[in-house]
Amino acid sequence: MNHFTTHQSFFLVPLSTYDEEFKKIDQFLKILDKSNIDSIIEYSYSKCSESGRKSYNPYHLFSMISYCFAKSRSSLREMEDMCRYDIRAMYLMDNQTPSHKTIGEFINEVIVPNHHLLFTRITDTIIEEYNLDISDQYLDGTKLEANANKYKFVWKPVKYHKSLDKKIRLYLDKIGIYINQKEYIKSYQFYDYINGYAKLKNINIETIPSGRGKKISLEQRLCKEGYKYLLKLIEYEEKESICGDNRNSYYKTDHDATAMALKTDYYSGHGTNMHAAYNVQILVSSGIITYYDIFQDRTDYYTLIPMLDGYYKYYGKYPKNLCADSGYGIYSNYQYLDKHNIGNYVKFLAWNGESSGKNPQKFFSNGNTFFCLNKCAGIKIPFDKNHHQRYKDGTLYQFEGCEECGYAYKCKEHLKNKSGNFRTMELIPKYEFYKNEARINLLSRKGIEIRVNRSIQVEGTFGQIKENMDYIRIRRRGINKVVTEIMLVCLGRNIRKIFAMMKSKKISDKYWIASPNLEAEIFKIVKLKKSKKL
């Protein structure tokens, strides 16, 4: 049964400019029907519409919202105007005009809970319909400014909390309470200590006189001091709970937004001011966005694994090859790629220095040991007080013969102590193996091709979203609504790609029918137009 592709019950003038656009729309609606997302929409819409009648067709609403995002109309007011005055949106909505409130409720209640499932089903149908090869996936991210007040940000009070904890411990010593715990004292613990002391001294904190010049006892002064510390402790704990473990800031107008330095700064130069932003990550293959997600991380290091986990969750398989820039080339990511047999075309952190010659590769491995540029084998030595272990799987090597080495000036360029006939270096053997594997892959013929493709596909996709679709700032607040907005932007980008593929392949579908009663007249007009008699 078709839920999205329906005949319209009102008259539209069958001009050639409209005809081409409506053929594209009909093809998109057929893809929506094949994707079997109607069951998801029906289930969610029935839950939110249990009371009262269903005023609008949910399938028409979803197709209209998706099309509006493809045409850079991402605000609710713009969608409402499209339904009233744009012939394409009228065609999708069967001449119904939902208000911006109705559209917003539909997005929040139907699309927000199912955004990943809806997107991946539609994308999977597009891949199958056009027989696209998605074995090579390209990963990249960008930071988009959030809809939050620039000046109302809060930093995580790490140092202040540590200082307050010391004051609290000194205060507890004053009132005769001795505790021996390494972690911070919690607010509920401190409250019990203060309350117990007040009851012991028969003091009511509410009756203690306040103001300058008031005479109070030492016990009353201690109680007031304790409650002052307690209020500050509660404030710090609240800020830390909002920030969480993986970030150090949030904004008062959007708690999920994080302070980040953006590439474009309209207040001053590049990266000089902190802005409320989200880290948007996408996977692209054959020009189609296959997966997306939102992160609060200011770097890309730890976004690769969640992205591939999500891709596997919804597609049931891992990509054959993955290409990404050096922002993802850390040890844990290489381990993940090796574990799941994914082709490693991810640049490591030193790739740009090696490829440009500014920072050439200094250590080489034959599988058993490491050699320096002077071909001296490294000797494993134990860690001591002068050489602390930095990495869990790290091994300390010593390379000798530096005084007679012609590469010493480059090898010791960034060392504080450049004297001595040896150099020590902590290396992770497995990480060096992964880096060498990536180096071989990236320099191969396939690697050069895939590197060129990455800059075209994933960076080109972000360029089209920001420039062609005019999407440079997030409109909604809260990470759940923001990730849904990004889903609709990515879906709109894929719709634009479908339309481009249809135009390039000159796909010819049946002419759209504005009204079943006018079918004969319309075909007569089209026939006359083709014979150039009209």
Side-chain angles (χ1 to χ4, degrees), residues 74-76 104 107-108 112 115 140-168 183-187 190 228-282 292-304 306-307 327-328 330 462 465-466 470-490:
S74 54
S75 75
L76 301 180
I107 292 173
N108 294 336
V112 169
H115 57 91
D140 202 3
T142 189
K143 297 179 181 68
L144 290 179
E145 189 173 1
N147 182 16
N149 191 302
K150 176 183 181 293
Y151 301 101
K152 294 185 178 180
F153 64 90
V154 178
W155 293 108
K156 193 175 184 178
V158 179
K159 292 183 178 179
Y160 294 118
H161 194 170
K162 185 177 181 180
S163 175
L164 179 63
D165 189 71
K166 291 180 180 178
K167 292 179 182 179
I168 289 174
E183 61 272 7
Y184 289 158
I185 297 170
K186 304 295 183 184
S187 57
F190 190 48
K228 181 181 176 182
Y229 289 153
L230 177 63
L231 292 175
K232 189 59 69 175
L233 180 60
I234 292 171
E235 177 188 339
Y236 290 165
E237 288 181 349
E238 181 184 6
K239 290 179 179 178
E240 289 176 347
S241 66
I242 293 172
C243 282
D245 298 329
N246 301 322
R247 59 179 184 149
N248 295 318
S249 62
Y250 70 91
Y251 281 74
K252 292 181 181 179
T253 45
D254 185 357
H255 286 179
D256 294 328
T258 308
M260 301 181 189
L262 304 181
K263 288 183 179 178
T264 55
D265 192 337
Y266 43 80
Y267 290 97
S268 51
H270 165 65
T272 54
N273 286 318
M274 305 300 281
H275 297 265
Y278 289 94
N279 189 349
V280 181
Q281 299 284 323
I282 59 171
Y292 64 92
D293 215 338
I294 292 290
F295 296 90
Q296 297 170 317
D297 304 58
R298 291 187 289 177
T299 62
D300 295 333
Y301 296 145
Y302 306 107
T303 61
L304 183 144
M307 284 292 290
Y328 302 87
I330 60 174
F462 276 128
I465 288 173
K466 291 180 179 180
D470 196 25
Y471 187 81
I472 57 175
R473 185 175 181 180
I474 294 167
R475 296 178 181 271
R476 290 157 181 81
R477 293 177 177 176
I479 195 165
N480 290 331
K481 293 183 179 179
V482 168
V483 73
T484 304
E485 183 176 337
I486 295 300
M487 170 263 183
L488 290 168
V489 171
C490 292

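All residue numbers in this chain count up from 1 along the given sequence.
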According to side chain to side chain donor-acceptor pair (under 3.5 Å), who are the partners of [X], at least two apart in sequence or on a separate chain?
| X | value |
| --- | --- |
| Tyr251 | none |
| Tyr184 | none |
| Ser75 | Glu78 |
| Thr258 | Arg247 |

Sequence neighbours excluded, which residues qualify as salt bridge (charged side-chain N to carboxylate O under 4.0 Å, His left out) partners of [X]?
| X | value |
| --- | --- |
| Lys239 | Glu235 |
| Asp254 | none |
| Glu237 | none |
| Asp165 | Arg169 |

Do any N or O atoms from the side chain of [X] and from the backbone of [Y] form a donor-acceptor pair under 3.5 angstrom?
| X | Y | value |
| --- | --- | --- |
| Lys252 | Val154 | no |
| Arg477 | Asn147 | yes |
| Thr484 | His115 | no |

List for me each residue that meets ring-ring contact (aromatic ring centres under 6.0 Å, His included) alongside [X], sequence neighbours excluded, and say none if there are none.
| X | answer |
| --- | --- |
| Tyr278 | none |
| Tyr471 | none |
| Tyr328 | none |

Validation row: Asp140, Ile282 side chains within 4.5 angstrom (heavy atoms):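 The answer is no; the side chains never approach within 4.5 Å.
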
Lys466 vs Leu144 side-chain heavy atoms within contact, under 4.5 Å: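 Touching, per the 4.5 Å side-chain cut-off.
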
Rounded distance [0.5 Å steps], CG in Asp300 versus CZ in Phe295: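 The CZ atom of Phe295 is 9.5 Å from CG of Asp300, to the nearest 0.5 Å.
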
Pairing residues for Lys481 by the side-chain contact (heavy atoms from CB on, under 4.5 Å) criterion, not counting sequence neighbours: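 Scan of Lys481 (side-chain contact (heavy atoms from CB on, under 4.5 Å), adjacent residues dropped) gives Asn108, Arg476.
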
Ile472, CD1 atom: more than 12 neighbouring heavy atoms under 6.0 Å: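 12 or below, so no.
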
Over 12 non-hydrogen atoms of neighbours within 6.0 angstrom of CG in Asn149: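 Result for CG/Asn149: enclosed.
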
